[in-house]
Q: 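Let me give you the structure first, and then I'll get to my questions.
We count ligands from 1, going down the list as the structure has it; atoms in each ligand are counted the same way.
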Amino acid sequence: MTDFSISTYPDTGEIYRRLDALMQLPIHGIKPDAMTKYLQHFDLHCAKSKEMVTRARELIPGGVQHNLAFNHPFPIVIEKADGAYLWDIDDNRYIDFLQAGGPTMLGSNYRPVRDKIIELINEQAPVTGLFSEYELLLAEEINKHVPSVEMFRMLGSGTEAVMAAARVARLASKRKKVIKLGGAYHGWSDQMVYGLHIPGTRGFEAHGIPKSYRKHTQEVYPNSIGALKKNLTVNKLKGGTAAVIVEPMGPESGTRPIDREYNKQVRELCDQHDVFLIFDEVVTFGRIGLSGAQGYFGIKPDLTVFGKVVAGGYPGAGGLGGRRDIMEHLAAGIEAGKKRAYVGGTLAASPISSAAGYYAIQEIERTNACQKAGRAGDRMTAGLEKLIQERNLPYVAYNQGAICHLETVGAMFVKLNYLKIRSVLKEIKERKLAMEEMGAAYMAEGIITLGGSRMYTSMADTDEVVDDALNRFARVFDNAK
Ligand SMILES: Cc1ncc(COP(=O)(O)O)c(C=O)c1O
């Protein structure tokens, strides 16, 4: 049975029209007096977190190890995760729409998978460095759901899998250029910290990375098939393009949503120019559906990048799959018959990662988790839209199934203008701060989002959980300017 989390594809024209309108208006952030109260909440109710993070700041840069944990006014320390909820060390409970950044489609710490992993550790070991049956079982499971994946190699993270994809595409095509969409995130490798968040920003965030490392990375404006066509044509005169890599729902997990027909047009262009198409399904595999966004759009990429759900919410979540003739370049050890694209990783494809991925995929299929999480995403988006309309706020809520977006300040929608770069940078900073304040307000009301504008739903998000969340969002919106 086809189990996708998307029931209706979003009307991207309407979303962009409303986002443009949002960007024309002054920021509708939290009112200053309400913000003061929200900040007091953290001092009053999150004292243990504050104390621990203050200590951590001495030893850990910024006080936390994970980018998504940098919350305003200070990070909170989580003690327990279960289903749709998180608890911090001060005993506050939160509705969890971060969901660890996406991998926990079944809800946090899902019992049937956890029991299997505990059994595995007790009876085998977390890691041996040699082959385990689960690697084969996981590869078979992925091949069954994602037919474009004729061969699969597991890696330590999505970042590593993107690196492997670029490397093997370059080796197999004997070309160098890799084109990405502006604003898309493909991990933090030297070559991919390019055009992050906002299209056109190129090396803005590439501090510490020599320019030469991104010499062969290019970005094109999302949804503009003409721009991609032009880029591919120009590259032909300069040695050609190895691959086009896309987040198939659009940059930043669909924050900038892709028009319904765009991926198909990209596939056609890649075919015309004899260029590999890479789908980065780190977020979408197992979230849009078990056949990924490619199953939803009915498109066959040459390579697919995996992460997150592929290890079922356990560590070591990365993998690359695709056409046999390309993937054979990734043969490990001495078996390489072809020239080898070198990849590795001490803990890659550990029994824990492989078994957790294998059991999670089976559970997602058995429980129809994508459909359930998508239903929760639809309910939340419809509810948020109602709250927004009732209060006449300029905010925009939209979702691609189990990926929900709530744009209140549009920090990633600032238009780049190199002639006015100072004022553009100032605007980005102001909007980022307003978004952090929004995130803090949500958290004070007991909701954890991803960076104040994205929410991942899971199977654990029942109607009751979503309705409770909507009441909390309503309180935040009542405090908006
Ligand atoms: C689309 C996409 N690609 C790649 C990555 C990098 O994956 P990882 O964080 O496992 O390195 C991410 C991470 O969020 C992602 O969203």
Q: Can you tell me which residue pairs pass the salt bridge (Lys or Arg N to Asp or Glu O under 4.0 Å) test with a partner in residues 345-364, sequence neighbours excluded?
A: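 Salt bridge (Lys or Arg N to Asp or Glu O under 4.0 Å) check on residues 345-364 returns E363-R366.
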Q: Does ligand 1 have a heavy atom under 4.0 Å from the side chain of H186, from its backbone, from both, or from neither?
A: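 Backbone only; the side chain of H186 stays clear of ligand 1.
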Q: Can a donor-acceptor pair be found between the side chains of E135 and S354 at a distance below 3.5 Å?
A: no
Q: Numbering the atoms of ligand 1 from 1, which are under 4.0 Å from a heavy atom of S157?
A: 10 (O), 11 (O)
Q: How does Y185 reach ligand 1, if at all, at less than 4.0 Å between non-hydrogen atoms: by side chain, backbone, both, or neither?
A: both
Q: Under 4.0 Å, heavy-atom basis, I'd like to know which part of K308 is in contact with ligand 1: side chain, backbone, both or neither.
A: side chain
Q: Applying the side chain to side chain contact (heavy atoms under 4.5 Å, CB included) test to S5, which of D378, I288, N399 qualifies?
A: I288
Q: Which of the atoms in ligand 1, numbered in the order shown and given with their element, are less than 4.0 Å from a heavy-atom of G187?
A: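 Counting from 1, the qualifying ligand atoms are 4 (C), 5 (C), 6 (C).
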Q: Residues in side chain to side chain contact (heavy atoms under 4.5 Å, CB included) with M435, at least two apart?
A: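 Side chain to side chain contact (heavy atoms under 4.5 Å, CB included) list for M435, sorted by chain: V409, A411, S453.
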Q: Is NZ or CZ of R214 both nearer than 6.0 Å to the six-membered ring centre of Y194 and within 45° of the ring axis?
A: no
Q: Hey, is D280 touching ligand 1 through its side chain, its backbone, both or neither, going by heavy atoms under 4.0 Å?
A: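 Looking at D280 and ligand 1, just side chain atoms fall under 4.0 Å.
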Q: Could you tell me whether T159 and ligand 1 have an N or O pair separated by under 3.5 Å?
A: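 So ligand 1 has an N or O lying under 3.5 Å from an N or O of T159.
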Q: Any idea which of G318, S189, G158 brings a heavy atom closest to atom 8 (P) of ligand 1?
A: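 Heavy atom nearest to atom 8 (P) of ligand 1 belongs to G158.
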Q: With atoms numbered from 1 as shown, which atoms in ligand 1 lie under 4.0 angstrom from a non-hydrogen atom of V283?
A: 16 (O)
Q: Would you call the rings of F473 and F97 parallel, tilted or perpendicular, taking 30° and 60° as the class edges?
A: parallel
Q: Taking the side chain from K264 and the backbone from I299, do they hold a donor-acceptor pair closer than 3.5 Å?
A: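 Side chain of K264 to backbone of I299: no pair is present.
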Q: Below 4.0 angstrom from a heavy atom of E247, which ligand 1 atoms are there? Numbered from 1 as shown, please.
A: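 Answer, ordered by atom number: 1 (C).
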